[in-house]
K.L.:
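My questions all concern the structure below.
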Amino acid sequence: MLIRSEQMTALSNALTNTFESDMVSHLNRCFPPQCAVLGEEEVRNTIRYGLQRSRGYGITSSREVCMYVDLMMVFGRDFDRDPKLPWAAAILNGKRWQNPTAKVDQLYRTAKLHQP
């Protein structure tokens, strides 16, 4: 069986759309005030931006991307570049946590210590 690139693209888009819809529900459940202020389209834009930013750090699983976007909701869209949050960049760019799951878990543990 041969799968054409167009078929792979369609499958990838379908999975991304499903993830995005699941994330909209998740964020509205966990961060209702922020989502109310942003509105659905901006929530979706935030999810897309989080997907893009997290991929740059090798973070690609649904669980890990979800955690990354959650941190965006708590600490701000560009928390990974915020000079007031040096721990985030240190974890994401550091060599200590090569495994994406370990990296996100450490990021989440550290974030809990720095909650606003």
K.L.:
Test side-chain contact (heavy atoms from CB on, under 4.5 Å) on I59 and L92; report intermediate values, then the result.
P.N.:
CA-CA 10 Å; I59 298 166; L92 290 165; 3.9 Å; yes
K.L.:
Considering only NZ, NE, NH1 and NH2 on the basic side and carboxylate oxygens on the acidic side, decide whether D82 and R77 come within less than 4.0 Å.
P.N.:
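Salt bridge flag = no for R77 with D82.
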K.L.:
List in chain and number order the residues that pass salt bridge (Lys or Arg N to Asp or Glu O under 4.0 Å) with D70, two or more places apart in sequence or in another chain; answer none if no residue qualifies.
P.N.:
none
K.L.:
Drop me the distance from M67's CE to S61's OG, to the nearest 0.5 angstrom.
P.N.:
9.0 Å
K.L.:
Rounded to the nearest 0.5 Å, how far does CD1 of I47 lie from CD of E20?
P.N.:
5.5 Å
K.L.:
Kindly give the heavy-atom pair with the smallest separation between N28 and C35, and that separation in Å.
P.N.:
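Residues N28 and C35, closest heavy atoms: OD1-CB, 3.2 Å.
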K.L.:
Which atoms form the tightest heavy-atom contact between L38 and M73, and what is the distance?
P.N.:
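The pair with the smallest heavy-atom distance is CD1-CE, 4.2 Å.
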K.L.:
Among pairs that include at least one residue of residues 84-102, which meet side-chain hydrogen bond (donor to acceptor under 3.5 Å, both in side chains), considering only residues two or more places apart or in two chains?
P.N.:
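Found E64-T101.
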K.L.:
Closest approach of G58 and P100, non-hydrogen atoms and distance?
P.N.:
O-CG, 3.2 Å
K.L.:
Apply the test ring pair (Phe, Tyr, Trp, His ring centres under 6.0 Å) to residues Y68 and Y49: give CA-CA distance (whole Å), side-chain angles for both, the deciding distance (0.1 Å), then the verdict.
P.N.:
CA-CA 11 Å; Y68 186 92; Y49 184 73; 8.7 Å; no
K.L.:
Walk me through it: do H26 and M23 pass the test side-chain contact (heavy atoms from CB on, under 4.5 Å)?
P.N.:
CA-CA 5 Å; H26 166 75; M23 280 298 300; 4.0 Å; yes
K.L.:
Ignoring hydrogens and angles, tell me if any N or O in the side chain of S54 forms a donor-acceptor pair with the backbone of L51 under 3.5 Å.
P.N.:
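Yes; at least one donor-acceptor contact below 3.5 Å.
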K.L.:
Rounded to the nearest 0.5 Å, what separation is found between the CZ atom of R53 and the OG1 atom of T46?
P.N.:
13.5 Å
K.L.:
If you look at every heavy atom in L85 and F75, which pair is closest and at what distance?
P.N.:
CD1-CB, 3.8 Å
K.L.:
Start with the C-alpha distance between Q52 and R48, add both sets of side-chain angles, then the distance that settles side-chain contact (heavy atoms from CB on, under 4.5 Å), and finish with yes or no.
P.N.:
CA-CA 6 Å; Q52 173 195 1; R48 291 180 201 123; over 6 Å; no
K.L.:
Rounded at 0.5 Å granularity, tell me how far CG in D80 sits from CG in L107.
P.N.:
9.0 Å
K.L.:
Report the C-alpha distance between F31 and V43 in whole Å, list the side-chain angles of each, state the deciding distance to 0.1 Å, and finish with yes or no for side-chain contact (heavy atoms from CB on, under 4.5 Å).
P.N.:
CA-CA 11 Å; F31 303 99; V43 169; over 6 Å; no
